[in-house]
J.: 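Take a look at this one; I'll ask things after.
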Amino acid sequence: MGVILPEDFGKGLSSPSSSIENVDEDGFFHRLRAEATRLFMGPGEPACSPYEGVWRAKAEGVKPLLFVNPHSVEVERFVKDHGFTRPEGTNEPLDHVATECELLQAFAMRAMADSGSSEAYVQFLEEHLRVWIDDFCAECQNVTSESFYKAAAIYLETIAKC
């Protein structure tokens, strides 16, 4: 992919409270699950919303609403227009950061199969993920106490620019 991480990637990411050195695997994964819940789900409002529509609404100065904001609807339409459907039995908005990354992966796989036709990939990347991902990654780095999520945010921000 040609990803070049920042020269200082990984420096300063561990602290005594986030070190995994003297923690058993169950304790470490429990901490990561608890932090993922706090960051991306709540209680109440998430510390760092994982939804494009929320970030774009904030940038536009309007109240963020899941599912019914214009950006979430655009993602839903884009997905449908390119032959994808919502997974059976799910009701998660499709503008979730993980879903958008999965969609890009699916477009990349299609591009490889179609001898390099990457128009949908580039369009989605430019019109959606790149519009909000820097703000999401910066906020995630600022509010998390776990080095894992700081590193993941730095990595995501870096590859979104490739």
J.: For L156 versus C101, what's the shortest heavy-atom pair and its separation?
T.: CD1-SG, 3.8 Å
J.: Count I, L, V, M, F, W, Y as connected when their side-chain heavy atoms are under 4.5 Å apart, and connections chain through other members. Are V73 and L129 then in the same cluster?
T.: no
J.: I need the minimum non-hydrogen distance between V143 and C48, along with the two atoms involved.
T.: CG2-CB, 4.1 Å
J.: Between the side chains of R86 and E92, is the shortest nitrogen-to-carboxylate-oxygen separation below 4.0 Å, so that they form an ion pair?
T.: no
J.: Between Y155 and F148, is there shared hydrophobic-cluster membership here, with clusters defined by ILVMFWY side-chain heavy atoms closer than 4.5 Å?
T.: yes
J.: Starting at CZ of R31, measure out to CG of D26 and round the result to the nearest 0.5 Å.
T.: 12.5 Å
J.: Do the rings of F40 and Y149 sit parallel, tilted or perpendicular, given the 30° and 60° boundaries?
T.: perpendicular
J.: Under a 4.5 Å cut-off applied to non-hydrogen side-chain atoms, are K58 and E139 in contact?
T.: no
J.: What about V97 and L65, same hydrophobic cluster or not, with Ile/Leu/Val/Met/Phe/Trp/Tyr joined at side-chain heavy-atom distances under 4.5 Å?
T.: no
J.: Please find the pair of heavy atoms, one from T99 and one from P93, that lie closest to each other, and give the distance.
T.: OG1-O, 4.5 Å
J.: Evaluate R56 against H128 for side-chain contact (heavy atoms from CB on, under 4.5 Å), listing each step before the verdict.
T.: CA-CA 10 Å; R56 293 186 68 180; H128 293 284; 3.9 Å; yes
J.: Which atom pair, heavy atoms only, marks the closest approach of A153 to C137?
T.: O-SG, 3.3 Å
J.: Measuring from L66:CG to H96:NE2, what's the distance to the nearest 0.5 Å?
T.: 10.0 Å
J.: Got a sec, which residues hit side-chain hydrogen bond (donor to acceptor under 3.5 Å, both in side chains) with E100, two or more places apart in sequence or on another chain?
T.: W132
J.: Does any N or O in the side chain of S72 come within less than 3.5 Å of the main-chain N or O of V68, such that one atom is a donor and the other an acceptor?
T.: no
J.: Out of curiosity, L125 CG to C162 SG, how far, rounded to the nearest 0.5 Å?
T.: 9.5 Å
J.: Report whether F84 and L104 are members of the same hydrophobic cluster (ILVMFWY, side-chain heavy atoms less than 4.5 Å apart, transitive linking).
T.: yes
J.: Donor-acceptor pair, H82 side chain versus F78 backbone, under 3.5 Å?
T.: yes
J.: Could you walk me through whether E76 and H71 pass the side-chain contact (heavy atoms from CB on, under 4.5 Å) check?
T.: CA-CA 9 Å; E76 298 270 347; H71 306 294; over 6 Å; no
J.: Do P46 and M41 touch side chain to side chain, with heavy atoms closer than 4.5 Å?
T.: no
J.: Tell me every residue that passes side-chain hydrogen bond (donor to acceptor under 3.5 Å, both in side chains) with R130, counting only those two or more places apart in sequence or in another chain.
T.: E126
J.: Counting N and O atoms only, with roles assigned by atom type, does the side chain of W55 sit under 3.5 Å from a partner on the main chain of S49, one being a donor and the other an acceptor?
T.: yes
J.: Is there a donor-acceptor pair closer than 3.5 Å between any side-chain N or O of D95 and the backbone N or O of Y51?
T.: no
J.: Could you tell me which residues satisfy side-chain hydrogen bond (donor to acceptor under 3.5 Å, both in side chains) with E102, sequence neighbours excluded, listed by chain and number?
T.: none
J.: In terms of hydrophobic clustering (I, L, V, M, F, W, Y; side-chain heavy atoms under 4.5 Å; direct or indirect links), are F107 and V131 co-clustered?
T.: no
J.: May I ask you to test the I154-Q141 pair for a side-chain heavy-atom distance under 4.5 Å?
T.: yes
J.: Between E52 and E127, what is the shortest heavy-atom contact and its length?
T.: OE2-O, 4.2 Å
J.: Applying side-chain hydrogen bond (donor to acceptor under 3.5 Å, both in side chains), can you list everything that pairs with E35, at least two apart in sequence or on another chain?
T.: R38, T144
J.: Under the rule for ring pair (Phe, Tyr, Trp, His ring centres under 6.0 Å), what residues qualify as partners of Y121, not counting sequence neighbours?
T.: none
J.: Do L39 and E146 have side chains that get closer than 4.5 Å, going by heavy atoms?
T.: no
J.: What pairs with T85 under side-chain contact (heavy atoms from CB on, under 4.5 Å), at least two apart in sequence or on another chain?
T.: none
